[in-house]
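In what follows, a structure is listed as structure tokens, so that the remarks can point back to it.
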Amino acid sequence: MADTLKINGAEHTVEVDGAMPLLWYLRDILHYTGTKFGCGMGLCGACTIHLDGQPTRSCLIPVSAALGREVTTIEGLSPDGTHPLQLAWIEHRVPQCGYCQAGQIMSAAGLLAGNPSPSDAEIDAAMQGNLCRCGTYTRIKQAIRSVADDAEGAA
Amino acid sequence: MKPSTSRPGPVLLGRRDFLKTSGVAAGGLAIGVSLPLVAGARSDADASGANTEVNAFVHIAENGDTTLYCGRCEMGQGIATALTAAVADELEADWDRVTVLQGDADEKYGPQGTGGSRSINIMFTPMRQAGAAARAMLVAAAAERWGIPAADCVAENHRVTNRQNSRTLGYGELAAAAAGQAVPDDPALKTPDQFRYIGKPLPRVDMGEVVVGARTYGADTRLPGMKFGAVRHVPVMGGRIVSFDATEARQMPGVIDVVRIDPIDDRYSSLGAIGVVADSTWHARQALDKVQVDFEPGPHGDYDSAAYKAELARNVEAPAEPVHRRGNLAAAFESAATRHGATYLGGHLSHSPMEPMASAVWVREDGCEVWASTQDPAGIQRTLGTFLGIDPKAVTVHVMMAGGAFGRKFKCDYVHEAAALSRATGAPVNLTWSREEDTRTGFYHSLSAQRIEASLDEAGNVTGWLHRAAFPPIASTFNPSVERPSEGDLRALVDHPYGIVNLEVESGHAPAHTRIGWYRAVYAIFYGFAINVFTDELAEQAGEDPLEFHRRIYRNNTNSEQKELVERSLGVLELAAEKGGWGKDLPEGHGLGIAVHHSFESYTAMVVHVELDGDKVKVHRVDCAVDCGLVLNPDQATAQMEGAVIMGMSLALYTEVTFREGAVVNGNFHDYPILRTQEAPREIHVHFTNTGARPTGLGEPGVPSLAPALVNAIRAAGGPRHRSLPIKPMKV
């Protein structure tokens with residue numbers, strides 16, 4: 001079995017206990033601190049990353065389950081911070097404290113990758129696992145909507 | 001094609017990053033300003049010395065790059081942008097050439113404890129003065145260079161122009177000479193029509209960093225040789241660790257040490273905890289699970305919050321300690337046309353910021369360095385000074401972005417613990433609490449019981465009001481002998497917004513059985529709830545429209561000292577009603593509710609539109625009207641109100657911390673359920689009265705209006721009258 005995984009395109013050889021959740025491997029071992037700890041139980045979504053393109057709670061996935069696979073964190077969502085959602089987040093001035101926003105953006109990016117023009121109900125369904133205590137939900141949905149509507153216009 | 005939003009502009013950098021990438025302190029103009037609240041805050045300009053820490057607020061390098069410092073703590077409220085924009089405005093700086101830095105703990109910044117919605121209140125004018133003083137010094141330097149009167153020089157957008165010949169000099173070219181000018185004592189400030197940034201919706205300086213995961217919070221601090229901690233607290237206030245067995249834990253992978261952390265004689269001390277230091281947070285937590293701890297619960301080991309709330313609810317039916325009496329309440333009640341009484345209840349709340357308590361501390365022989373998500377850097381210096389037995393000034397505190405705080409991060413028990421772990425191991429230690437510890441061992445919003453009784457005359461005017469409030473006060477956390485709300489705690493009731501002539505305010509006995517803390521909007525949450533819901537009930541009894549009723553009782557307030565309060569309350573009330581479509585036709589099962597509250601020197605009113613579907617409460621729309629005086633940044637002010645609506649909905653509908661056998665039962669977001677996106681209102685509209693009054697804060701004042709407006713809307717929609725929050729408590 002492979003003992004490597006790819007993070008944002010770079011190969012890493014895993015030298016920790018495979019039971020360590022991917023979240024702590026990212027944060028404490030590799031210092032990818034953009035991915036946040038919020039609850040440790042998959043309840044808040046702050047730790048959302050993409051595993052082979054699928055939004056995944058990194059606090060629940062052991063490193064061993066990510067071996068041989070591709071992990072994308074907020075740091076690697078786009079090479080230069082210009083993913084349409086990152087731009088929309090700035091344009092709609094979404095973040096307050098910003099702590100949950102990496103997870104919010106990764107969940108939204110996963111949604112739009114599979115469904116470029118989701119309905120409001122589909123946005124709710126995809127985003128209901130991502131908590132925000134500052135209360136930026138309304139702006140998050142406006143930002144997602146703006147990117148989705150652009151996709152619709154382009155289609 | 002989307003418009004590009006990436007623009008050169010101010011960025012907020014962590015101090016260490018910044019020092020690595022520029023020579024900020026070498027040369028140029030650096031000035032502070034004297035603050036009315038702090039003696040000696042102005043530091044001397046020193047244009048020649050390298051590596052000098054000379055300046056509180058403004059630094060202009062010789063290439064014109066300008067650095068502005070924010071001394072208040074940033075936790076998402078946008079203060080680092082709002083206050084530095086005020087400096088930049090008076091400075092006539094080009095915002096695109098400005099870098100904003102978060103200041104470390106230092107009294108040169110003035111008071112840094114960030115709470116009570118005071119930043120704008122106390123810092124707006126001093127920050128403007130700092131910018132204006134720097135501008136005056138640049139102008140004086142230009143005048144000297146050209147040998148002309150200062151009156152013939154005008155500063156605009158990072159340049160000074162000679163009116164006699166239209167020649168210009170950039171701020172960078174003038175910086176060194178400006179540093180040699182006298183700092184003006186009373187620099188002229190702009191008039192509002194001259195503002196270029198104040199009042200404009202400037203974007204937050206750190207948005208770009210947030211969306212790429214580069215904004216670093218206390219939990220994100222990483223240092224060479226850093227270790228990671230985990231703690232399990234004594235679960236009951238006043239309890240203690242009798243013994244613990246860490247034999248197995250010490251054998252676990254990555255474990256460096258297991259440390260007993262005892263409370264210290266300090267108001268922000270740890271509750272007492274067992275801590276583990278390891279090579280990763282995960283290893284530390286795994287090992288902590290294996291530590292056997294024998295706790296002694298102490299005097300509060302039988303605390304049961306549901307029973308206590310019920311007890312306070314009974315107690316407030318009977319007379320309590322009078323705090324304020326005026327007029328003749330007995331006579332008013334005697335001659336009433338109508339009497340009404342009701343009791344309002346609320347539970348403990350946990351702040352639960354998305355970033356749990358987190359900091360990194362490095363205790364060294366020569367002092368101590370801290371990187372903390374905090375609202376009170378000076379508090380950390382004091383607490384760690386006590387803990388380590390060193391001069392508080394030897395504690396360097398880097399103020400990190402807080403991933404939410406809401407009052408909780410004013411108390412630095414978690415920093416005390418990180419320091420204990422660092423001292424024991426000699427390594428820098430990052431301690432990030434688990435969500436369970438964050439939920440179970442916090443400083444909680446007080447549970448409360450309030451009894452209101454009132455009399456109305458034939459015309460429906462309020463002639464008498466009795467307000468009896470029982471809740472464990474925050475002061476109990478610092479002094480356990482305080483067992484009831486003080487007159488100061490009850491001030492908002494004594495200064496009753498209706499100008500009640502016959503008024504009695506009573507303080508109920510309510511000793512604390514857990515640590516009580518400030519929670520966003522503090523006591524205003526339950527005062528705003530009780531007063532507004534009771535008023536809605538009075539309107540219902542009088543058969544009068546709630547808006548009409550509110551209008552009448554405010555207009556009937558003839559207390560000359562409350563003229564401004566009445567005008568501004570009515571201002572937001574009318575605006576919320578108009579924008580929220582008060583009186584419009586609604587389908588069956590829909591309702592509008594209204595509430596208005598004054599707290600932290602600002603005024604908010606909300607109209608909430610709900611739809612009831614069985615037990616389900618759907619909030620379609622909220623219209624918020626705000627009077628916070630001059631609005632420094634309309635976009636950020638709007639964001640604060642949107643946040644208040646969401647937090648207000650969480651506490652109105654769901655959140656309550658429950659104690660049994662002394663300890664908190666809730667642990668994580670499954671049993672402390674904060675609002676999720678699918679329940680957020682599709683529309684939140686925020687409207688400003690733009691009265692132009694002195695600017696006041698907005699971090700807290702929105703919260704108290706939401707719950708009563710929501711509860712009143714449920715009633716208007718044909719639902720029950722709720723008097724106890726949360727209205728849909730989680731069974732735990």
Side-chain angles (χ1 to χ4, degrees), chain A residues 16-17 20-21 23-25 27-29 31-41 43-44 46 73-75 77-78 81-82 84-91 93-102 105 120 124-125 127-141 146 150, chain B residues 2-6 75-78 201 203-204 206-208 210-217 219-220 222 228 253 279-283 351-356 401-406 432 434-435 635 639-640 642-647 668-670 674-678 680-684:
Chain A
V16 298
D17 179 353
M20 180 181 287
L23 169 69
W24 297 113
Y25 180 64
R27 286 185 57 78
D28 290 358
I29 309 299
H31 297 187
Y32 280 101
T33 55
T35 303
K36 306 302 187 195
F37 166 75
C39 71
M41 290 175 67
L43 297 167
C44 79
T73 71
I74 187 70
E75 291 95 339
L77 181 63
S78 65
T82 55
L85 285 168
Q86 289 171 319
L87 296 178
W89 245 245
I90 293 173
E91 187 182 332
R93 299 167 183 199
V94 171
Q96 287 187 34
C97 88
Y99 190 83
C100 73
Q101 300 298 346
I105 291 170
D120 288 346
D124 272 351
M127 301 303 294
Q128 66 180 354
N130 287 82
L131 291 174
C132 173
R133 188 62 159 151
C134 296
T136 63
Y137 295 132
T138 311
R139 293 189 190 207
I140 286 171
K141 284 188 263 205
S146 73
D150 279 6
Chain B
K2 295 189 94 53
S4 171
T5 49
S6 60
M75 57 198 111
Q77 81 280 40
R204 277 259 301 277
D206 52 352
M207 290 281 161
V210 169
V211 301
V212 297
R215 189 81 162 96
T216 49
Y217 303 78
D220 297 335
R222 295 294 178 270
F228 297 87
D279 60 356
S280 68
T281 304
W282 186 69
H283 277 148
H351 310 73
S352 300
M354 293 313 299
E355 179 196 38
M401 177 77 189
F406 313 116
T432 302
S434 69
R435 177 58 59 191
D635 179 65
Q640 283 305 299
E642 291 166 350
V645 167
I646 301 300
M647 189 167 275
N668 210 314
F669 293 120
H670 62 291
I674 66 175
L675 200 79
R676 290 183 181 271
T677 193
Q678 68 273 25
R682 192 66 61 185
E683 296 182 59
I684 303 173

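In what follows, chains carry the letters A, B, and so on, assigned in the order in which the sequence lines appear, proteins first and then strands, with residues in each chain numbered from 1.
- Heavy-atom pairs under 4.5 Å with chain B were tallied for A:Ile140, A:Leu131, A:Thr35; the largest tally goes to A:Leu131.
- Remark: B:Arg676 pairs with no residue by the salt bridge (Lys or Arg N to Asp or Glu O under 4.0 Å) rule, at least two apart or across chains.
- Among A:Ala46, A:Cys134, A:Cys132, the residue with the largest count of heavy-atom pairs under 4.5 Å with chain B is A:Cys134.
- In this structure, chain B has a heavy atom under 4.5 Å from the side chain of A:Ile29, while its backbone stays farther away.
- The candidate with the highest count of non-hydrogen atom pairs below 4.5 Å against chain B, out of A:Gly34, A:Ala102, A:Cys39, is A:Cys39.
- Across B:Ile646, B:Asp220, B:Leu675, B:Ile674, the residue that shares the most heavy-atom pairs under 4.5 angstrom with chain A is B:Asp220.
- For chain B, the option among A:Arg93, A:Glu75, A:Met20, A:His31 with the highest count of heavy-atom pairs below 4.5 Å is A:Arg93.
- For A:Phe37, the parts lying near chain B are the backbone and the side chain together; criterion is any non-hydrogen pair under 4.5 Å.
- Of the listed residues A:Thr138, A:Asn130, A:Leu85, A:Thr33, the one with more heavy-atom pairs under 4.5 angstrom with chain B than any other is A:Thr33.
- Contacts of A:Thr136 with chain B are absent, with no heavy-atom separation under 4.5 Å from either backbone or side chain.
- Looking at A:Asp17 and B:Trp282, their side chains come closer than 4.5 Å, going by heavy atoms from C-beta outward.
- Donor-acceptor pairing under 3.5 Å is lacking for the side chains of A:Ser146 and A:Glu91.
- Take A:Asp120 and apply the salt bridge (Lys or Arg N to Asp or Glu O under 4.0 Å) test, not counting sequence neighbours, and it matches A:Arg145.
- Heavy-atom distances place the backbone of B:His351, and not its side chain, under 4.5 Å from chain A.
- Contacts of A:Gln101 with chain B are made by side-chain atoms alone, with heavy-atom separations under 4.5 Å and no backbone atom involved.
- Of the listed residues (B:Val645, B:Thr677, B:Val210), the one with the most heavy-atom contacts under 4.5 Å to chain A is B:Thr677.
- You'll find the side chain of B:Thr281 stays beyond 4.5 Å of the side chain of A:Arg27, heavy atoms only.
- Looking at B:Pro201, both its backbone and its side chain come within 4.5 Å of chain A, counting heavy atoms on both sides.
- Residue with the most contacts toward chain A among B:Arg435, B:Met647, B:Arg222: B:Arg222 (heavy-atom pairs, distance under 4.5 Å).
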